[in-house]
Every structure is written in structure tokens, then in C-alpha cells.
Asker: 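Pasting a structure here, questions to come.
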Amino acid sequence: MSSPSSPSLHSAPAPSTDQPQIVVSGIQPSGTLHLGNYFGAIRQHIELHKAFESYFFIVNYHALTTLNDAEALKKYSIDVALDYLALGFDPKQSHIFLQSDVPQVTELSWIFYTITPVSQLEKGVSFKDKVAQGLSANAGLFNYPILQAADILVYGGSRVPVGADQKQNIEICRDLAIRFNERFSPENPIFPVPEPYILEDVAVVPGVDGRKMSKSYNNTIGIFDEGKALKKKVMSIVTDSTPMEDPKDPESCNVYSLIKLFATAEKREEVAAAYRAGGYGYGHAKNELLALITAHFAEARERRHELSKDVGYVMDVLREGGKKGREQAESYMSRVREATGLITTY
Ligand code: ADP
């Protein structure tokens, strides 16, 4: 897969080397993975999993906060795994699995509920935003950051590659790690305090309507969209009504924001100059974007097509990943039970 414009991973703080770094991150199977997921998170996951022990989980419990359709949830869950494998995730190097295959996550969530002030969750930007966009204000959505914190800490995650929308949730997770350690294991802290890993130049990818691209907002361009469906979405990107012949500001245009993610520096300059010169319409820019998307994912699309013929293999990868996930989670949970006084008799 070509990625001429890959922003340097060095633009985010480099992982410290004085302790083993464990990279963790989750992705919701609540819809088709999109360009925001890819540039904001997945591309970094693919880079990092080769260098650091990594746990990537398909957060199907989180998806239930917005998706109540069993068949769709099953399909999207497998699709996420297929997408990762097609995009270059190597299961020999790190682990990918289903969140619900690691029951320790929900166990730890409950313990975290008991040390989280409701007032902190009430300030949740993501919760308020989703409710404002018309999603149901269910308790799962409200408590979403707690489950996310359990997801990160149950594997001893120290580095969390995410998009900028997750900043506040990672803060809540850091607070929980500190609070838990202070309260239950002050002498020998159980949890590392994780660092977010956010690349500023791809922090928030806009959707076709100009809002943050999100599965919850029905404004996405799928990583593996192709043909007419892809064209329709690209052509639907909202622009202003500046006439074709007039000069335009590339930096305030949603189409250009997306072009920037794919194009080489040279191409970016060329397109920006065409915007500023006038005589270059949004239709031209959209065609440019369409060509860039198609070329960028061409190899991965081919691989995905092949992989989709062998769902058994995908299930094997998830099963193996889940086994590793449970082992790692149990090593933390046995210490957590001991520290909190939860007796187990089995
Ligand atoms: P969604 O909002 O589409 O359901 P998820 O919650 O599954 O996305 O997020 C998965 C990862 O993708 C997270 O790290 C999130 O920060 C990142 N991400 C999601 N949307 C965007 C976006 N528009 N721009 C940048 N990163 C994003």
C-alpha cells in the first residue's frame, strides 16, 4: 500500500524506553471502518504492532451502546478483523481479538465504577456530543469511558494510539489508574499510567458533512468502499458554493482536508495552488480525491478480497488473540482481586 504522505510517527511523543511498552487500542464494530479510523488510529496500530507488544480489541460491548442488531454486530466484528489483516496487521507479531472474549474486562469495569465520581462522567464530551446528535442516552453510553479504561488497563497498556476525540477518555483512564493505585496498591502500583499517542496532523478527520467522521454520524467514507458507492460518497462531500472560476481557500475545504491525508507533499502543493488560482472547481478536487483513495487502498483491497474467502482463518486469528488477551488480563486481575479483597473460591 502506498503512503507517500505518511506523517512521521515522531510527531507524537516517542515511547519511553525505561519500561516495556504495551500498546493497546480498541475499535468499535458498530459500522464499516472509515478513513477517520484509518488515519486517526489504524495506520498507527499497524506501525506500532511490529515494534511493541500490542493488544487490539474489537470493542463489541462498546458497540452495543449504539447498535442493537445481532446480525449486524456479528458481521461488523468479523469485518474489523478482516480489515486489519488486509491493512497489514500480522497476528504473529501481536494480538487482535474480540473484547467479549476477555471477561476480565467487564469484571475490572465494575471495580472502576466504584471509584469513579459520577460528576466526572457527567463532563464527558463524547457522551454529550453523541446525545446531542440524537443517540439514546443509555447508561452504557454514559459509562463508556469506564469500560474503555478497563480495556486499556487490564492488559497493562502504557501507550494508546487513538484519534483526538479520545483525549478526554484517556484522561479518565489515567485518573482511574492513579486513583486505583493510590487506594489499593500504594506500595506496589498495579497499573501503569498510560499515555495517549495522537498524531496531530490526522487528529480529527472530517466526514462528508464536515463534522468528525464517525460510524455514529452516518457521514463516513469506508476504507474499502469502491466503485459507484465510493464515488457517490466522495461526490456528496459538503463544500461552499464558490463558483468554479473563483479562487478558493484549500484550508477551509473538507475535500482538501481529505486530499491532504493521501497526497504526496508535491501533489498537495499542486492542488492547493490550483484552488488558489481559480478555474478549479470542487468537482475537480473530488475526482482527485477519488483517484487518491482508490490507488492508496488498491493492494489492501485485493488482500481483503482474498482473505474474505477464508473466514475460518479470521476466526482462528481472533481465537488465538483472545487466548493471549485472557492470559495477560488474568495476570492483572489476580493482583486486582487480591488488592481489593475479592475472594475467589474456584
Ligand atoms: P467511530 O466514532 O467511528 O465509532 P471508534 O470509536 O471506533 O470510531 O474509534 C476508533 C478509533 O478511530 C479511535 O482511536 C478514534 O479516536 C479514531 N477515530 C474515529 N473517528 C476519527 C476521526 N474522524 N478522525 C480521527 N480519528 C478518528
Side-chain angles (χ1 to χ4, degrees), residues 6-7 9 11-12 23-49 54-67 69 72-73 76-77 79-81 83-84 87 89 96 98-99 124-135 140-141 143-145 147-149 151-152 157 159-173 194-225 233 237-238 254 257-258 260-262:
S6 294
L9 289 179
S11 57
V23 173
V24 298
S25 202
I27 197 118
Q28 285 197 84
S30 51
T32 303
L33 296 193
H34 54 76
L35 300 183
N37 297 141
Y38 178 70
F39 286 104
I42 300 171
R43 189 171 57 174
Q44 288 70 268
H45 299 173
I46 302 291
E47 286 289 329
L48 291 169
H49 91 286
S54 306
Y55 296 82
F56 298 126
F57 21 86
I58 301 167
V59 294
N60 45 7
Y61 285 131
H62 280 109
L64 278 176
T65 61
T66 54
L67 179 69
D69 176 337
L73 183 59
Y76 291 140
S77 299
D79 280 353
V80 171
D83 290 352
Y84 266 73
L87 290 165
F89 181 88
I96 187 166
L98 296 159
Q99 181 184 38
V125 175
S126 176
F127 174 72
K128 285 196 263 193
D129 193 43
K130 284 181 176 166
V131 173
Q133 303 291 341
L135 300 184
L141 207 54
N143 290 305
Y144 193 110
L147 182 58
Q148 184 169 342
D151 259 332
I152 293 168
R159 174 90 14 191
V160 193
V162 284
D165 57 334
Q166 296 298 322
K167 241 179 199 163
Q168 190 190 36
N169 286 353
I170 306 296
E171 267 311 311
I172 294 173
C173 174
E195 294 286 342
Y197 187 79
I198 298 171
L199 300 183
E200 291 309 328
D201 38 2
V202 291
V204 183
V205 174
V208 296
D209 57 2
R211 295 184 294 168
K212 185 197 92 146
M213 189 178 287
S214 172
K215 297 179 217 95
S216 313
Y217 300 161
N218 200 18
N219 65 352
T220 65
I221 298 176
I223 299 171
F224 292 107
D225 281 348
K233 286 190 187 169
I237 299 172
V238 172
N254 293 322
S257 299
L258 293 170
K260 272 206 300 195
L261 298 170
F262 292 95

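Both ligands and their constituent atoms are indexed starting at 1 by order of listing.
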Asker: Is the NZ or CZ atom of Lys130 both under 6.0 Å from the centre of the six-membered ring of Tyr144 and within 45° of that ring's axis?
Answerer: yes

Asker: Would you give the length of the straight line joining atom CD1 of Ile46 to atom OH of Tyr84, rounded to the nearest 0.5 angstrom?
Answerer: 6.5 Å

Asker: Does Phe262 have its ring centroid less than 6.0 Å away from the ring centroid of Phe39?
Answerer: yes

Asker: Please give the N or O to N or O pairs under 3.5 Å between ligand 1 and the protein, distances rounded to 0.1 Å.
Answerer:
unit_1: ligand 1; atom_1: 2 (O); unit_2: Lys212; atom_2: NZ; d: 3.3
unit_1: ligand 1; atom_1: 2 (O); unit_2: Ser214; atom_2: OG; d: 2.8
unit_1: ligand 1; atom_1: 3 (O); unit_2: His34; atom_2: NE2; d: 2.7
unit_1: ligand 1; atom_1: 3 (O); unit_2: Lys215; atom_2: N; d: 2.9
unit_1: ligand 1; atom_1: 3 (O); unit_2: Lys215; atom_2: NZ; d: 3.4
unit_1: ligand 1; atom_1: 4 (O); unit_2: Gln28; atom_2: NE2; d: 3.2
unit_1: ligand 1; atom_1: 4 (O); unit_2: Lys215; atom_2: NZ; d: 3.1
unit_1: ligand 1; atom_1: 6 (O); unit_2: Gln28; atom_2: NE2; d: 3.3
unit_1: ligand 1; atom_1: 7 (O); unit_2: Gln28; atom_2: N; d: 3.0
unit_1: ligand 1; atom_1: 7 (O); unit_2: Lys215; atom_2: NZ; d: 2.7
unit_1: ligand 1; atom_1: 8 (O); unit_2: Asn37; atom_2: ND2; d: 3.2
unit_1: ligand 1; atom_1: 8 (O); unit_2: Lys215; atom_2: NZ; d: 3.4
unit_1: ligand 1; atom_1: 12 (O); unit_2: Asn37; atom_2: ND2; d: 3.1
unit_1: ligand 1; atom_1: 14 (O); unit_2: Gly163; atom_2: N; d: 3.2
unit_1: ligand 1; atom_1: 16 (O); unit_2: Gly163; atom_2: N; d: 2.8
unit_1: ligand 1; atom_1: 16 (O); unit_2: Asp165; atom_2: OD1; d: 2.4
unit_1: ligand 1; atom_1: 20 (N); unit_2: Met213; atom_2: O; d: 3.3
unit_1: ligand 1; atom_1: 23 (N); unit_2: Val205; atom_2: O; d: 2.9
unit_1: ligand 1; atom_1: 23 (N); unit_2: Met213; atom_2: N; d: 3.4
unit_1: ligand 1; atom_1: 23 (N); unit_2: Met213; atom_2: O; d: 2.9
unit_1: ligand 1; atom_1: 24 (N); unit_2: Val205; atom_2: N; d: 2.8
unit_1: ligand 1; atom_1: 26 (N); unit_2: Gly36; atom_2: O; d: 3.2

Asker: Please work out which of the three classes, parallel, tilted or perpendicular, describes the rings of Phe89 and Phe56, given edges at 30° and 60°.
Answerer: perpendicular

Asker: Applying side-chain hydrogen bond (donor to acceptor under 3.5 Å, both in side chains), name anything that partners Asp225, two or more places apart in sequence or on another chain.
Answerer: Lys233

Asker: Could you check whether Tyr217 and Asp129, counting side-chain N and O atoms only, form a donor-acceptor pair closer than 3.5 Å?
Answerer: yes

